[in-house]
Amino acid sequence: MPAVGRFRVCEPGQTPLGEALAEVMLLPSVLATMLRSLIEAWPQQIYTQPLVTTRFLGRRTTYVCSPGQIRSLMVDQADALEREPFMLRALAPALGAGVLTADGPHWREQRRTAVPMFRPDRVRSFVPAMARAAEATRARWRGDTPPDGTRDILREMMRTTFDVIVATMVSGDDQLEVEPFGRAMDAYLGQTSWKIALEMLHAPAWVPHPGARAGAAAARYLRAEVGRTIARRRARAEPGADLLGLLLEARDPETGQPLADASIIDNLLTFVAAGHETTALALAWTFRVLAEHPEVERRVLAEMAALDADLVADPEAADRLPYTRQVLLEVMRLYPPAPLIVRRAKAPVRLGDMTVPAGQSIHVPVYALHRHALLWDRPDLFDPDRFAPDRAAARDRYAYLPFGAGPRVCIGMSLALTECLVILATLLPAFRFVPEAAEMPRAQFRVTLRPEGGLRMKVVPRHVH
Ligand code: HEM
């Protein structure tokens with residue numbers, strides 16, 4: 001079999017053009033593995049060395065796992081970076097050029113305009129809507145027969161976080177078809193792995209792949225549906241205090257210009273796409289990990305019992321769950337919902353002794369960084385006390401990147417953390433979660449990090465023993 005695709009691994013300080021130290025895979029197996037789960041195609045060295053360069057079909061990618069160099073890359077040299085073409089191929093048909101996919105001045109303008117919508121006071125104003133969505137899930141689980149039925153917790157969390165995003169973005173619009181909208185978003189995101197794989201193979205955009213037609217139809221439907229929602233909102237007298245209202249009223253702080261309609265569509269869809277599945281994954285993995293660690297769950301429940309607050313009436317209560325927050329952060333270390341951050345150099349980028357030329361890919365493999373042998377003591381061990389304030393303060397900030405870093409750090413970070421705490425505090429005291437399968441599911445790269453085969457758990461009301 002010809003060795004057409006192979007990985008080269010560089011020691012720190014060595015040029016990527018130097019001797020190949022390891023050749024780990026041949027093309028057919030790499031491709032099959034990439035499609036199954038990209039992280040399984042990563043060479044093992046990515047977990048033990050600060051810099052690794054791979055070569056695949058003539059294309060070089062440098063993986064950065066040293067906190068110092070991540071800082072240098074994502075903060076100091078951020079202007080030398082641009083979006084990866086494979087990310088654009090996967091996302092742009094639905095999300096256009098919103099704040100996640102745009103680059104340069106168009107990105108800066110949108111980011112500046114959107115940032116105030118995600119400030120802590122705004123996030124707090126969304127807590128009642130988050131609590132109501134979580135309560136609706138709780139009521140559904142209590143009301144359904146049988147009361148201790150087995151459910152796919154990831155699907156359930158997707159539904160709950162989708163309800164949150166709808167309530168916080170387009171509240172009070174009873175004409176928005178929530179169910180078909182959610183299904184279209186899933187259909188769209190579900191086929192993006194193919195687009196990534198095809199871009200890596202240099203295949204032109206017209207090359208067909210499974211789910212392509214459904215994905216294209218979903219993108220058209222999503223954009224049209226958001227367009228109609230905007231038109232309905234414009235027809236109302238007041239813009240509303242939700243994200244759509246804020247987008248309609250937003251003015252660029254420097255130019256004073258409002259956002260164009262296409263830009264509002266791009267960004268509403270971006271917030272739905274970037275915000276609901278990632279948050280659902282953080283929650284689903286948390287329920288599954290807690291089922292493995294009853295002693296941690298007991299501490300979390302004790303903290304929630306002591307809180308004794310109604311989150312609808314007291315939105316600040318979620319700030320008083322420090323241990324639960326540590327648990328969430330540790331779950332996102334082991335299972336980062338966004339497991340890979342990708343960039344392309346648009347100008348030469350310095351990384352220690354080596355220079356990555358313009359045009360090459362530079363990736364931060366967050367999943368590997370969070371389990372890196374040089375950065376974490378017993379990396380595979382679940383230990384929420386790693387995030388106790390003194391231990392967290394002693395660690396390099398760039399060793400832990402569930403929300404990225406630098407100017408393109410996740411804009412929804414505090415919204416997502418608050419939302420997770422509110423949903424956990426509503427559901428965990430009410431139900432026990434008993435996994436159907438004894439083994440932890442494999443983590444699978446699907447742009448996000450999904451539990452392979454879903455996450456089926458028995459949801460048992462706590463008062464039924
Ligand atoms: C646990 C939940 C979440 C995780 C793990 C997460 C993770 C991330 C990461 C790693 C990035 C940086 C990507 C990069 O540098 O290429 C990012 C960017 C982004 N996230 Fe999140 N996110 C979450 C929730 C949300 C929510 C709730 C929203 C909005 C409602 C959101 C909106 C965005 C946007 C718009 C960007 C692009 C920012 C930019 O490029 O300027 N995210 N997110």
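Note: hydrogens, waters and symmetry copies are ignored here, and every other heavy atom, side chains too, is used. This chain uses plain numbering: 1 for the first residue, then up along the sequence. Since the model is a prediction, treat every value here as computed from it, not as a measurement. Every number for a ligand or one of its atoms is a count from 1 in the order of the listing.
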Without hydrogens or angle criteria, can the side chains of [X] and [Y] be said to hold a donor-acceptor pair below 3.5 Å?
X	Y	result
S263	Q110	yes
E84	S361	yes
T168	D242	no

So which protein heavy atom does [atom] come closest to, and at what separation?
atom	answer
atom 29 (C) of ligand 1	F118 CE2, 3.8 Å
atom 38 (C) of ligand 1	R111 NH1, 3.3 Å
atom 10 (C) of ligand 1	P402 O, 3.3 Å
atom 35 (C) of ligand 1	V99 CG1, 3.3 Å
atom 15 (O) of ligand 1	R343 NH2, 2.8 Å

Using a strict cut-off of less than 4.0 Å between a Lys/Arg side-chain nitrogen and an Asp/Glu carboxylate oxygen, indicate whether [X] and [Y] qualify as a salt bridge.
X	Y	result
D383	R391	yes
R140	E156	yes
R344	D103	no
R288	E292	yes
K346	D79	no

Side chain, backbone, both or neither: the part of [X] lying under 4.0 Å from ligand 1 by heavy atom:
X	answer
E419	neither
R83	side chain
R408	both
T279	both

_As a quick check of understanding, evaluate ring pair (Phe, Tyr, Trp, His ring centres under 6.0 Å) for Y47 and H372, giving each step before the final call._
CA-CA 5 Å; Y47 294 89; H372 203 279; 7.7 Å; no
Should you measure from each heavy atom of [X], which atoms of ligand 1 turn up under 4.0 Å away?
X	answer
W107	39 (C), 40 (O), 41 (O)
L415	27 (C)
I341	14 (C), 15 (O), 16 (O)

*Below 4.0 Å from any atom of ligand 1, is there a heavy atom belonging to Q110?*
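Checking ligand 1 against Q110, which is what was asked, there is no heavy-atom contact under 4.0 Å.
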*Just wondering, more than 12 heavy atoms not from R325 lying within 6.0 Å of its CZ?*
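No - once you tally the heavy atoms of other residues, nucleotides and ligands closer than 6.0 Å, there are 12 at most.
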_Taking every non-hydrogen atom, the tightest pair across C65 and L375_ =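 The answer is O-CD1, 3.9 Å.
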*Are R371 and W376 in a cation-pi contact, defined as NZ or CZ under 6.0 Å from the six-membered ring centre and within 45° of the axis?*
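Ring-cation test returns no.
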*asked:* For atom 21 (Fe) of ligand 1, which protein N/O/S atoms fall under 2.8 Å? Skip waters.
replied: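 Atoms qualifying: C410 SG.
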